[in-house]
Amino acid sequence: MKAPVKLKTVKALEQAVEAQKKLRQADKKPVLTVSAGTCGQARGALKVVEALQTALKKAKLDKKVKIRVTGCHGFCEAEPNVLVHPHDLFYQKVDPANADTIVLETLKKNRTIKALLYKDPVTGKTAPREKAIPFYKKQRRVVLGDNALIDPTQIDDYLAIGGYGALAKVLGKMTPEAVIAEVKTAGLRGRGGAGFPTGVKWEMARSQKGTPKYIICNADEGDPGAYMDRSLLEGNPHRVLEGMLIGGFAIGACEGIIFVRDEYPLAVKHVSLAVEELRKRGLLGSDILGTGFSFDIRIVKGAGAFVCGEETALIASIEGLVGEPRQRPPFPAEKGLNGKPTVINNVETWGNVPLILGKGGAWYAKIGTEKSKGTKIFSLVGKINNTGLVEVPMGTTLREIIFDIGGGIPGGRKFKAVQTGGPSGGCLPTSKLDLPIDYESLTAASAIMGSGGMIVMDDKTCMVDIAKYFLNFLRDESCGKCVSCREGTQRMYEIVTRISEGKGKVGDIELLEELAAAVKDASMCNLGITAANPILSTLRYFKREYEAHIKEKRCPAGVCKSLIRFTVLPDKCTGCLACKRACPNDCIHGTLREVHNIDQEKCIKCGACYEACRFEAVEAQRDEAIVILEGVK
Amino acid sequence: MIALKLNGLEVQTEKGWTLLDTARFFGLEIPTLCHMDGLTPWGGCRLCVVEIGEGPRAKLVSSCTYPVEEGLVVHTDTKRVIAARRMMIELMLSTAPMSKEIQDLASRFGVTRQRFPPRNEECVYCGRCIRMCDEQMDARAIGFQYRGYKKKIGTPFDIRSEECRLCGACMYVCPACAARCGGPNADTDICNACLQVEPTCLEKYGELTCWMYDAGRCGTCVQEKKS
């Protein structure tokens with residue numbers, strides 16, 4: 001391979017983009033696209049790639065067929081998946097053993113392999129094409145869609161889909177003011193959670209006198225169950241870098257920093273490769289493309305503290321200090337990294353920038369609602385059929401996301417709540433399903449947009465337990481600077497733990513409400529301000545459940561261990577031994593075709609038997625003592 | 001000069017002042033714990049919170065760290081502020097009930113209930129000692145360790161620090177371990193021995209009627225209703 005040519009003019013960049021586009025159009029080779037993001041690799045995508053390579057070699061097709069290893073396509077449930085082009089087929093959950101069949105049947109004989117097609121869990125229908133799958137059909141993948149088209153380690157792949165075209169346009173024809181105006185027209189708002197208008201932030205930083213100026217890409221995604229930033233960064237790093245280059249030009253920054261958590265090794269690897277490649281091509285460094293714009297990007301790895309997603313804590317962490325937030329104002333746009341004007345935007349925000357400059361702010365502003373423009377990527381996880389990354393226009397309702405795209409709740413169970421915005425978000429009940437998702441409406445419903453985590457819960461979920469889980473996360477991740485957050489989350493956790501153990505007292509709910517309000521009011525940074533949300537939202541929508549725990553000493557969902565007991569219903573038990581095999585503590589007695597018996601002394605209440613029983617013979621019951629207590633009433 | 005509205009009054013302040021400086025300059029008392037003259041503002045104890053802004057956008061900020069801004073509307077003693085302060089005192093009191101400084105705060109602000117099980121620690125993590133050691137003694141021998149509820153203060157690796165000159169400044173500024181409350185009640189109770197005020201004008205008339213516009217100063221309005 002010859003050394004990459006250093007691009008010296010804007011024209012040269014435009015030509016390079018055109019050349020790559022033509023190359024791709026001219027290339028008529030069939031392509032096997034394997035999704036191999038972190039999740040795909042965990043499900044064995046790399047082994048599939050290897051198997052496909054050997055299979056192609058065996059069939060003597062290795063020169064005629066291209067294998068493209070891409071980042072995540074978003075449909076986690078179907079990982080690892082293989083797209084066959086030009087047959088336009090979507091094979092899901094591919095095993096290395098399937099490689100030979102794919103090559104022999106599909107590539108050689110042009111036949112579709114029915115067993116590998118997507119099957120709707122509800123209707124049972126198969127869908128051969130990606131576009132026909134309900135999960136993809138309702139989405140609008142303007143940011144994430146490109147992941148399936150490119151190998152993230154190859155800059156040429158990104159050029160071939162028109163990448164860096166927006167940068168060429170900006171550097172060649174636009175002034176920084178015009179770039180900011182375009183972003184303002186688009187109405188882009190920060191995707192990190194708070195939804196601050198990006199254009200305004202940029203303008204603030206541009207108007208500051210201090211130099212040098214910095215831009216930072218916040219890739220410290222710490223919410224449990226959220227991974228859209230990771231997928232974008234590892235699946236399409238150049239897009240984020242292009243956004244940062246455009247932002248750097250608009251603000252007049254000289255350096256960009258990507259703050260990425262070390263728990264994302266693949267993202268770190270891909271983005272480091274991409275930065276190297278950009279330097280080689282002359283798109284980073286001094287006097288980029290002869291325009292006089294000098295800019296470089298470095299990568300800072302975070303140690304995985306949730307609070308470092310807060311911008312002032314993030315800056316402190318980059319400076320080498322303890323990751324603790326400080327007072328805003330002064331805002332980072334005025335005094336940020338090293339006391340200089342700094343713009344911090346989330347990965348997804350940067351990923352939207354090239355789109356806006358490429359297609360125009362007016363085009364972008366057509367997507368979404370009046371106040372929230374564009375699309376938003378959500379990571380749809382929890383009790384949902386189609387787990388994955390979902391990109392929808394703002395204003396899409398929760399019902400559409402959960403039932404149309406997500407395919408509803410598995411096992412025919414009932415929807416109970418959805419937690420939006422990560423640990424500091426809120427739980428929304430069934431009555432809020434028709435809520436159109438944008439920044440304002442979510443805040444009004446005491447949840448937040450957050451970075452886009454969406455955890456779906458079914459009727460087997462106890463809301464007190466959920467609040468306890470998130471409070472445990474928050475008390476651990478609080479930096480501990482403010483009394484309100486450090487002591488407040490700890491005390492809220494203690495109270496909720498008490499309630500879940502059946503030791504709750506009358507007055508605990510009121511105390512929780514009072515404490516939550518104080519924590520929300522008095523904390524300095526957004527971690528503390530939103531730390532009370534798990535409590536406030538569950539209390540607002542599921543107060544009855546708290547009351548059941550406190551007054552009746554029972555857990556309606558059958559989750560809180562201290563309040564339940566597992567017993568076998570003799571008339572339903574068939575003696576199949578399934579529960580006995582599932583029990584990790586050997587506390588189920590009984591032989592084949594005989595009614596089983598659970599040793600309550602030994603039972604650790606893990607619920608494995610309950611899950612394993614197919615005849616609904618094992619039932620979660622309330623503690624005996626409590627039954628008596630209720631009888632007295 | 002920067003003009004802002006402090007408790008309804010137009011006042012002039014200097015650039016670089018914090019809201020706490022301004023309030024104190026105009027004679028309004030705001031309680032503080034982690035703040036100390038001569039040390040950089042920290043904003044951790046949240047006792048000095050004041051309400052800024054109006055209507056639904058009004059929020060609480062720590063006055064010791066918030067710089068003055070042109071046209072800012074500040075209220076130092078609204079019900080929301082008092083409620084937050086009381087809760088902060090209650091939280092700190094449950095952590096370190098043996099501190100005289102915190103017991104005194106409790107009495108001054110009418111915290112008469114203790115609803116959290118006391119932990120009897122000797123530290124409320126205000127960080128005064130750390131800043132004292134760093135900024136005034138130029139030693140940097142101690143610092144914060146861990147985070148969240150596991151946070152503590154100590155020397156690196158918890159061994160005797162070579163930087164430490166045993167000057168004792170850290171102990172001198174400590175609000176928790178320096179002086180014990182000598183009140184009549186047991187250590188773990190709320191002492192409230194110095195609380196001798198009765199009327200509850202704040203509950204009765206709201207914060208607008210106080211002639212000083214400085215609820216908490218005379219102490220009469222801060223005691224909780226005895227119910």
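To find a chain, count down the sequence lines: A is the first, B the second, and so on, and within it residues start at 1.
Heavy-atom minimum distance, A/R189 versus A/S372: NH1-OG, 3.8 Å. For the pair A/F259 and A/G302, the tightest heavy-atom approach, listed with the atom from each and the gap, is CZ-CA, 3.6 Å. Looking at every heavy atom in both residues, B/A96 comes nearest to B/C123 through CB-N, 4.4 Å.
Both the backbone and the side chain of A/R475 come within contact range of chain B, judged by heavy atoms closer than 4.5 Å. Interface residue A/A305: backbone and side-chain heavy atoms are both found under 4.5 Å from chain B. With a 4.5 angstrom heavy-atom cutoff, A/S523 touches chain B only via backbone atoms. For chain B, the nearby part of A/R328 is the backbone; its heavy atoms alone come within less than 4.5 Å. Looking at A/Q490, only its side chain comes within 4.5 Å of chain B, counting heavy atoms on both sides. For a residue to count as touching a neighbouring chain, one of its non-hydrogen atoms must lie under 4.5 Å from one of that chain's; by this rule B/K59 does not touch chain A.
The choice from A/S484, A/P330, A/G488 that makes the most heavy-atom pairs within less than 4.5 Å of chain B is A/S484. Considering only heavy-atom pairs separated by less than 4.5 Å from chain B, the leading option among A/L474, A/V519, A/I529, A/L515 is A/L515. Between chain A and the residues B/M92, B/E69, B/R119, the largest count of heavy-atom pairs under 4.5 Å involves B/R119. Counting heavy-atom pairs closer than 4.5 Å to chain B, the top-ranked of the candidates A/C482, A/A517, A/G323 is A/C482. Between chain A and the options B/A83, B/G127, B/P67, B/G143, heavy-atom pairs under 4.5 Å are most frequent for B/P67.
Interface residues of residues 492-508 of chain A toward chain B, defined by a heavy-atom distance below 4.5 Å and sorted by number: A/E494, A/I495. Contact residues of residues 46-55 of chain B toward chain A are B/R46, B/V49 (heavy-atom distance under 4.5 Å). Residues of residues 36-44 of chain B placed with any heavy atom under 4.5 Å of a heavy atom in chain A are listed by number as B/W42, B/G43, B/G44.
Stacking of B/K152 on the aromatic ring of B/F144 is not recorded, the 6.0 Å distance cut-off and the 45° axial limit not both being met.
The pair B/R108-B/D104 does not count as a salt bridge, with every side-chain nitrogen at least 4.0 angstrom from each carboxylate oxygen. The pair A/E324-A/R486 does not meet the salt-bridge criterion, since no charged nitrogen lies less than 4.0 angstrom from a carboxylate oxygen. Between A/D521 and B/R80, at least one side-chain nitrogen of the basic residue sits less than 4.0 Å from a carboxylate oxygen of the acidic one, meeting the salt-bridge criterion. Ion pairing of B/E29 with B/R24 is absent here, as no side-chain N (NZ or NE/NH1/NH2) approaches a carboxylate O to less than 4.0 Å. Salt bridge annotation for B/K151-A/E487: absent, with no cationic side-chain nitrogen under 4.0 angstrom from a carboxylate oxygen.
At most 12 heavy atoms of other shown residues, nucleotides or ligands fall within 6.0 angstrom of atom CZ in B/F25. For B/Q12, the CD atom counts as densely surrounded, since its 6.0 Å shell holds more than 12 non-hydrogen atoms of other residues, nucleotides or ligands.
Checking side-chain atoms of A/R261 against main-chain N and O of A/E221 turns up a donor-acceptor pair under 3.5 Å.
In this structure, the salt bridge (charged side-chain N to carboxylate O under 4.0 Å, His left out) partners of A/E514, at least two apart in sequence or on a different chain, are B/R115.
Among B/L19, B/L20, B/T22, the single residue meeting the side chain to side chain contact (heavy atoms under 4.5 Å, CB included) criterion with B/Y66 is B/L19.
For the pair B/L91/A/R491, a side-chain contact is recorded, criterion being any heavy-atom separation below 4.5 Å from C-beta on.
To the nearest 0.5 Å, the span separating CD1 on A/I509 from NZ on A/K551 amounts to 6.5 Å. Atom NZ of A/K520 and atom OG1 of A/T530 lie 9.0 Å apart (nearest 0.5 Å). Rounding to the nearest 0.5 Å gives a distance of 13.0 Å between NZ of B/K150 and CD of B/Q145.
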